[in-house]
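The sequence lines fix the lettering, A, B, ..., with proteins before strands; numbering per chain opens at 1.
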Number of protein chains: 2
Amino acid sequence: MTDGPEGAPRRPRLSRELVLHAALRLVDEQGLEALTMRRLGQELGRDPMALYRYATNRAALLDGVAELVLAQLVISADTPDWQEQLRRAAHQFRQLALAHPNVVPLIVTRPLATPLALRPIGTLRPLEQMLELLIAAGYPPVRALHLYRSYWGLLHGHVLNELQEVVVDPEATDALLRLGLDRLPPEEFPRLRGLAKALLAGYDGAAALDESLDLLLNGLQAVEQQAPAPGSRRRRAAPPARR
Amino acid sequence: MTDGPEGAPRRPRLSRELVLHAALRLVDEQGLEALTMRRLGQELGRDPMALYRYATNRAALLDGVAELVLAQLVISADTPDWQEQLRRAAHQFRQLALAHPNVVPLIVTRPLATPLALRPIGTLRPLEQMLELLIAAGYPPVRALHLYRSYWGLLHGHVLNELQEVVVDPEATDALLRLGLDRLPPEEFPRLRGLAKALLAGYDGAAALDESLDLLLNGLQAVEQQAPAPGSRRRRAAPPARR
DNA sequence: ACCTGAACACCGTTCAAGT
DNA sequence: ACCTGAACACCGTTCAAGT
């Protein structure tokens, strides 16, 4: 830690944290494919082989980056209003995705490669916290698990949707979009072409996320009313703050 | 088929279709990272450089593979019951995902790299068809677009969820899962550890998808009832065939 | 004009050789 | 015992040299 009294400059002692933060920076700034052992080593002023002390693999490096972002998500269970808590976590997740768009493919995709119990611990913590939250709200554990899956699927689906709307150069959007649409045969794509204006208008991601959450929470409530209700105060699911 | 009267064996004339089908097979059988220009060339008995006639890029190859799968999805608009149609398309999409799990990362991820109007045409066709379907059902075009996004996000979220549950070796699942769960500190992960049985029990993907669709369609109906309704017959959104 | 394949500038990872 | 870096077996893509 003391970095060595007269250690070479720009060569702080490595650590897993330091390596992963450098990896995240590389991904944020230059995209996923810029994250190679060799470039990361160079970024840190080390022999690329040194990195294998902190990640057994390039795959482990990717997992680590995803974990670094996901671990910032906190779902606290010690709150009276669990629905509001889910809503806040959802918007927090959305902000993380917008802040690290290049990491989103990792977040949604890496779990496909690893059985749940073997995933990086930082990605399991939000799951545990959400289970705790829902169980504290009165849901039986198995039902809490199901609800967690719906919620998580919703979040993944949403950010994938929203990030598709982001265009690198908003200046060129108009021309680019029209160019692209003009490429489509009019007789086969009348509807899509007709929606050019709406597509250009873009997408209010926060509002769309709230709408999806409304659906989920309202749907839950509907189910509760005709089935054994999961305790906790009965409360409208509609969000308090709409735009 | 005829393979050329006396063409060299194993060297049928190339075409974009043939190249992409070979690429898909490679991905299905050996995973995404097995799809390289060189291995694909070898698979086809050609110089890898020959492939550049049919795909300008490895990225274009990836897009082509995703398109090949997605283009199998058909949303026909000429049916009386549009909700049932959405439901069928959703299950069709699920089946495609299960049939080509290695392609799913491409399907959910590649659109992030390309503006909508410039995507492979085969991936835009389902969008156009769904817009047609919803507009025929009475939705204003812009609303149809929003609904499409929710629906699409739901599908992506669902298959990502479901594919996480697939375990390569179901024989070893039990041991592996317990091993993994035991790795987690009990005091920090009591809920997750307590759900071991439920996690082992697996996941009824078709049922979960239907539940999500119920939520979406019921939620839609709820909105309609308090806003200008989108024409078309009023009908319960609950699915006809449940398990 | 078209096609081929040598060459370039990279990769991840292993492992022998050094200390 | 630890670390280093040479070496291996790959990559995608360019482009000059052939036809």
Ordered by number, residues from residues 49-68 of chain B within less than 4.0 Å of DNA chain C (heavy atoms) are B/M49, B/R53
A/E128: what forms a salt bridge (Lys or Arg N to Asp or Glu O under 4.0 Å) with it, not counting sequence neighbours?
none
For A/Y54, all residues meeting side chain to side chain contact (heavy atoms under 4.5 Å, CB included), sequence neighbours excluded
A/L14, A/R16, A/V19
Looking only at side chains, do A/H156 and B/N161 share a donor and an acceptor under 3.5 Å apart?
no
Mind checking what makes salt bridge (Lys or Arg N to Asp or Glu O under 4.0 Å) contact with A/R58, not counting sequence neighbours?
none
So if I take residues 29-37 of chain A and measure heavy-atom distances to DNA chain C, which residues fall below 4.0 Å?
A/T36, A/M37
Enter the distance from A/M37:CE to A/N57:CG here, rounded to the nearest 0.5 Å.
7.5 Å
Tell me the salt bridge (charged side-chain N to carboxylate O under 4.0 Å, His left out) pairs involving residues 92-110 of chain A, sequence neighbours left out?
A/D63-A/R110, A/R94-A/E162
For the P atoms, the ones on D/dC8 and on C/dG18, what distance do you get once it is rounded to whole angstrom?
16 Å
Write down the distance between CZ (B/R46) and P (C/dC3), rounded to a whole number of angstrom.
12 Å
Partners of A/R53 by salt bridge (Lys or Arg N to Asp or Glu O under 4.0 Å), sequence neighbours excluded?
none
Using the ring pair (Phe, Tyr, Trp, His ring centres under 6.0 Å) criterion, which residues pair with B/Y148? Sequence neighbours excluded.
B/W152
Contacts of B/L96 that satisfy side chain to side chain contact (heavy atoms under 4.5 Å, CB included) - sequence neighbours left out
B/V69, B/Q72, B/L73
With sequence neighbours excluded, give me every salt bridge (charged side-chain N to carboxylate O under 4.0 Å, His left out) pair touching residues 17-32 of chain A.
A/R25-A/E43
With Watson-Crick and G-U wobble geometry limited to distances under 3.5 Å, how should the secondary structure of DNA chain D be encoded in dot-bracket form, using | for bases paired to another strand and [ ] for crossing pairs?
||.|||||...|||||.||
In whole angstrom, what separates A/L40's CG from C/dC11's P?
11 Å
Rounded distance (Å) that lies between atom C1' of C/dA9 and atom CZ of A/R39
13 Å
With the side chain of B/R38 defined as its heavy atoms from C-beta on, choose the nearest nucleotide among D/dG12, C/dC11, C/dT4.
D/dG12
Exercise answer: donor-acceptor pairs, residues 111-121 of chain A side-chain atoms, under 3.5 Å, sequence neighbours excluded:
from   : atom 1 : to     : atom 2 : distance (Å)
A/R119 : NE     : A/T114 : O      : 3.1
A/R119 : NH1    : B/Q164 : OE1    : 3.4
A/R119 : NH2    : B/Q164 : OE1    : 3.3

